[in-house]
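Since the structure comes first, as structure tokens, the remarks are kept for the end.
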Amino acid sequence: MAERLRAALGARGAASEADSAVQQLEAPAQPPADLAVALHRPARRSGRTAEGLARELAEEFRGLADFRQISAQGAYLNFEVDPALLGIRTLDLILSRGGAYGHGSPQTSRVSVEHTSANTTGPFHIGRVRNAVLGDTLARVLRAAGYPVTTQYYVDDVGRQAAVITWFWSRPAAEWPPELLAELPVGWAHRAAGQKPDHFRGAPYPAATAFLKSHPEAAEEVQALARDLERGREPPRHHELAVEILGGMTASLERLGISFDEFVWESSLLTDGSVEEVRRRLAAAPHAVQEENGAAAIDATGYHLPTEGARIIVARADGTSLYVTRDVAFHLRKFRSYDRVIDVLGADHKLHAQTLEALLTEIGETRRPEFVIYAYISAPGGGKMSSRAGTAVYLDDLLEEAVRRAAAEVARRHPDLDPAQARRIAEMVGAGAIRYSILRVAAEKTVTFQWEEALSFEGRSAPFLQYSYARASSLLRKAEATEGPYPYAIEELAGPWERTLLTTLSRLPGTVAYAARTGHVHTLAGYAHELAEEFNRFYQEVPVLRAESGRRSRVALVAAARQTLGNTLDLLGVEKLDRM
RNA sequence: GGGCACGUUGCACAGCCUGGAUCAGUGCACCGGAUUCCUAAUCCGGGGGUCGUGGGUUCAAAUCCCACCGUGCCCGCCA
């Protein structure tokens with residue numbers, strides 16, 4: 001089709017417009033047309049009126065295979081795909097590929113997606129969860145697009161923040177500064193038994209940070225600890241503490257369906273000498289300079305960083321390295337194992353990303369990571385989420401509330417459901433709702449957290465999708481057709497709802513490809529909603545089990561819709577439910 | 001002050017990459033309907049929008065360019 005159009009335009013002296021015209025074939029068109037091309041520009045090129053050219057081409061393309069009709073509508077050339085053909089292709093593809101429907105062909109380039117990478121200083125608040133949800137979904141989408149993907153969580157166990165945790169916990173309780181303890185909520189340590197380790201161990205962190213600001217001698221202890229970590233001299237309990245807190249953090253993420261292929265400990269970059277190697281290369285870099293106090297830096301005047309000074313410090317006066325220096329080492333390591341390196345970063349790390357790129361240039365590295373930047377989620381009512389200010393909303397609290405509300409709904413609908421199963425459903429509904437509320441918004445959009453928004457169970461929400469899936473499952477159960485094959489006759493699926501549903505089903509592969517290419521995973525959330533909406537419409541208007549004729553074909557359509565919606569839910573990381 | 005991002009109905013968002021024809025759409029909220037029938041966490045109908053403002057490019061701009069305004073983030077020998 002594209003070639004015919006290209007040739008036809010070429011023959012009329014409008015070859016230069018052929019590409020953009022062909023491109024329009026990809027975009028959705030105005031019903032009833034399935035494909036449409038605007039001919040204003042080609043017409044001008046070839047010295048005709050757009051209307052005239054449209055008529056001419058419509059005539060030339062008449063009777064082209066696969067199309068029911070090709071017609072001129074004003075300046076537009078409209079193509080109506082033969083619905084039967086589209087339906088057959090779509091159904092056959094879905095029913096034969098099953099769980100792989102929508103997926104791309106295998107790719108060879110290996111991809112690393114680094115996401116979350118939160119410091120082990122306390123529990124997740126939902127601002128940070130956005131990173132995890134985005135990164136995890138992106139990884140799912142890239143896998144579906146055919147790439148071998150490795151997800152990586154970069155754990156900072158050598159920086160000052162890690163040192164603060166160890167500084168506090170490695171001393172006997174009797175030596176905890178009373179001034180610091182006074183800042184902690186009453187009974188913080190007594191609740192320890194029932195608390196997750198990230199909450200318990202992380203509790204003193206904000207107060208400790210504040211305390212250190214006003215107590216230089218204590219701050220020096222922390223700095224000394226950091227120096228030890230830098231030299232590979234790990235204080236007792238340091239690693240266990242990090243592991244313990246990290247365990248609490250990742251346990252929460254697992255409830256959202258998020259796990260990692262690899263945890264990369266920052267200290268490993270020091271012990272294997274790769275940070276040292278980076279420092280040597282930076283010292284020999286074209287713009288290497290020395291600060292008066294001995295700190296090593298790069299003169300970044302030429303990089304136009306939006307900083308006040310034009311110096312990037314790469315090693316402190318005391319010889320310890322900085323986060324960005326270690327991150328250069330980490331990226332060099334990633335470049336060795338992966339062809340595409342993707343970093344999911346909060347908007348507050350944009351400067352860090354630019355700095356990292358400048359340093360890569362300095363050492364003569366030409367490869368670059370791709371950054372997926374997302375905006376932070378503000379606290380309810382606006383402002384930053386801060387543990388100190390008490391404005392943070394924690395993932396665990398949100399999950400608890402979501403599951404509680406979901407459980408109430410389940411109990412109301414199915415009072416006699418087995419309690420274990422009811423709990424399972426509530427968990428999946430609650431977790432799905434949270435995940436979807438994050439996913440449906442474009443990453444670069446700043447959002448202000450609202451409980452009702454995150455906990456919505458109707459309309460544009462995960463439970464709406466899950467409910468649609470459950471309805472389809474229920475239908476197949478009752479039709480005793482939970483397994484194929486699903487024979488059908490396409491002429492029995494010619495009604496308006498069936499047609500629209502089929503068209504929507506056919507759009508998954510394109511949507512996945514787009515999301516993988518651009519990283520805009522929210523488009524997939526939008527697609528899922530459209531698909532569920534279309535299915536519900538069909539469900540409402542078209543009887544399946546009670547169908548007087550064509551029941552088997554409708555069952556096949558339901559099976560295909562369930563499969564497609566299910567595949568989409570897998571990509572979104574929302575659990576599929578066969579009943580709810 | 002500088003850099004970057006965002007600004008679409010009462011609220012929350014999609015559409016912007018690749019400009020097109022009833023493309024201004026979705027959810028919530030509001031109003032009115034649908035359940036003897038496959039799960040009403042559903043469906044149907046209705047009201048409501050100068051697509052921040054002003055220029056520019058174009059046959060055509062929510063979509064591209066410039067300026068301005070507003071909001072957010074960043075500008076550490078923190079991460």
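Letters A, B, ... are given to chains in the order of the sequence lines, protein chains preceding strands, and every chain is numbered from 1.
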Short side-chain N/O contact from A:K384 to OP1 or OP2 of B:C73, under 4.0 Å: no
Euclidean distance for C1', B:A61 against B:G54 (whole angstrom): 15 Å
Side-chain N,O (A:S456) to OP1/OP2 (B:C28) below 4.0 Å: no
Any donor-acceptor N/O pair under 3.5 Å between B:C77 base and A:N293 side chain: yes
Modelled atom types, side-chain donor and acceptor of A:T121 and A:N119, under 3.5 Å: no
Contact under 4.0 Å: A:K478 side-chain N or O vs B:U39 OP1/OP2: yes
C1' gap between B:C4 and B:U22, integer Å: 38 Å
Sugar-phosphate, base or nothing in reach of A:E533, heavy atoms under 4.0 Å: sugar-phosphate
Selected nucleotide, minimal atom distance to A:A470 side chain, candidates B:U39, B:G2, B:A21: B:U39
Between B:G19 and B:U63 - P atom distance, rounded Å: 12 Å
Sugar-phosphate only, base, or nothing, as touched by A:H520 at under 4.0 Å among non-hydrogen atoms: nothing
Distance, rounded to the nearest Å, where A:L53 contributes CG and B:C59 contributes P: 17 Å
N/O donor-acceptor pair, side chain A:R160 with base B:C78, under 3.5 angstrom: no
B:U26 base / A:R460 side chain donor-acceptor hit below 3.5 Å: yes
Atom C1', compared across B:G10 and B:G49: separation rounded to whole Å: 11 Å
Sugar-phosphate only, base, or nothing, as touched by A:Y539 at under 4.0 Å among non-hydrogen atoms: base
Short side-chain N/O contact to B:C44 OP1/OP2 from A:R537, under 4.0 Å: yes
Touch class at under 4.0 angstrom, heavy-atom based, for A:E452 against every strand present: nothing
Listed nucleotide nearest any side-chain atom of A:T523, set B:U42, B:A12, B:G15: B:G15
Near-ring test A:H529/A:F464, centroid separation under 6.0 angstrom: yes
Between B:C73 (C1') and A:L345 (CG): distance, integer Å: 14 Å
Sugar-phosphate, base or nothing in reach of A:V410, heavy atoms under 4.0 Å: base
Side chain A:N78 and base B:A21 donor-acceptor under 3.5 Å: yes
Integer-rounded Å distance: B:C38 P and A:R554 CZ: 16 Å
A:Q450 side chain, from C-beta outward: closest of B:A12, B:C38, B:C77: B:A12
Where RNA chain B forms stems, i.e. three or more consecutive Watson-Crick or G-U pairs with both distances under 3.5 Å: B:1-7 with B:69-75, B:10-13 with B:25-28, B:30-34 with B:42-46, B:52-56 with B:64-68
Sugar-phosphate, base or nothing in reach of A:Y514, heavy atoms under 4.0 Å: base
Most 5' of A:R579 and A:K350 on RNA chain B, judged by nearest nucleotide: A:K350
Nucleotide nearest A:N536 when distance is taken to its side chain, options B:C43, B:U39, B:C77: B:C43
Cationic N near anionic O, under 4.0 Å, A:E492 to A:R554: no
Distance, P atom - from B:C11 to B:C59, rounded to whole angstrom: 38 Å
Sugar-phosphate, base or nothing in reach of A:D157, heavy atoms under 4.0 Å: nothing
Between A:R279 and A:T325: side-chain donor-acceptor atoms closer than 3.5 Å: no
Options B:A34, B:A21, B:A79, nucleotide nearest the side-chain atoms of A:Q73: B:A21
A:E230 side chain to A:S321 side chain, donor-acceptor N/O pair below 3.5 angstrom: yes
d(CG, A:L531; C1', B:A14) in whole Å: 17 Å
C1'-based separation of B:G70 from B:G76 [nearest Å]: 29 Å
Presence of A:R316 side-chain N/O under 4.0 Å of B:C78 phosphate oxygens OP1/OP2: yes
Sugar-phosphate, base or nothing in reach of A:E458, heavy atoms under 4.0 Å: sugar-phosphate
Residue whose nearest RNA chain B nucleotide is more 5′ - A:H349 or A:F538: A:F538
Whether over 12 other heavy atoms sit under 6.0 Å from A:R6 CZ: yes
Side-chain N or O of A:H522 closer than 4.0 Å to phosphate OP1/OP2 of B:G15: yes
Below 4.0 Å: OP1/OP2 of B:U39 and any side-chain N or O of A:Y469: no
A:H304 NE2 - B:G1 C1' separation (whole Å): 17 Å
Closest to side chain of A:D348, choosing from B:C73, B:A14, B:A79: B:C73
A:R41 vs B:A60: side-chain N/O to OP1/OP2 distance below 4.0 Å: no
Selection from B:U39, B:C13, B:C43 that lies nearest to any side-chain heavy atom of A:F464: B:C43
Short side-chain N/O contact from A:R326 to OP1 or OP2 of B:A79, under 4.0 Å: yes
Sugar-phosphate only, base, or nothing, as touched by A:V542 at under 4.0 Å among non-hydrogen atoms: base
Euclidean distance, atom CZ of residue A:R388 to atom C1' of B:C78 [Å, nearest integer]: 16 Å
A:R507 and A:Y527: side chain donor to acceptor below 3.5 Å: no
Nearest-Å distance for atom pair CD/C1', residues A:E444 and B:C17: 11 Å
Touch class at under 4.0 angstrom, heavy-atom based, for A:V544 against every strand present: base
Note: A:E453-A:R440 ion pair, threshold 4.0 Å (strictly below): yes
Crowding at CZ, A:R552 (>12 non-hydrogen neighbours, <6.0 Å): no
Value in whole Å for how far the C1' atom of B:A5 lies from CG of A:L351: 14 Å
Touch class at under 4.0 angstrom, heavy-atom based, for A:A442 against every strand present: sugar-phosphate
Sugar-phosphate, base or nothing in reach of A:V558, heavy atoms under 4.0 Å: nothing
Under-4.0 Å salt bridge between A:R326 and A:E276: no
Sugar-phosphate only, base, or nothing, as touched by A:R44 at under 4.0 Å among non-hydrogen atoms: base
A:K445 side chain near B:G7 phosphate (N/O to OP1/OP2, under 4.0 Å): yes
A:R471 charged N/C atom sitting above A:Y539 aromatic ring, 6.0 Å / 45°: yes
Sugar-phosphate, base or nothing in reach of A:T446, heavy atoms under 4.0 Å: sugar-phosphate
Distance flag, aromatic centroids of A:H352 and A:Y323, threshold under 6.0 Å: yes
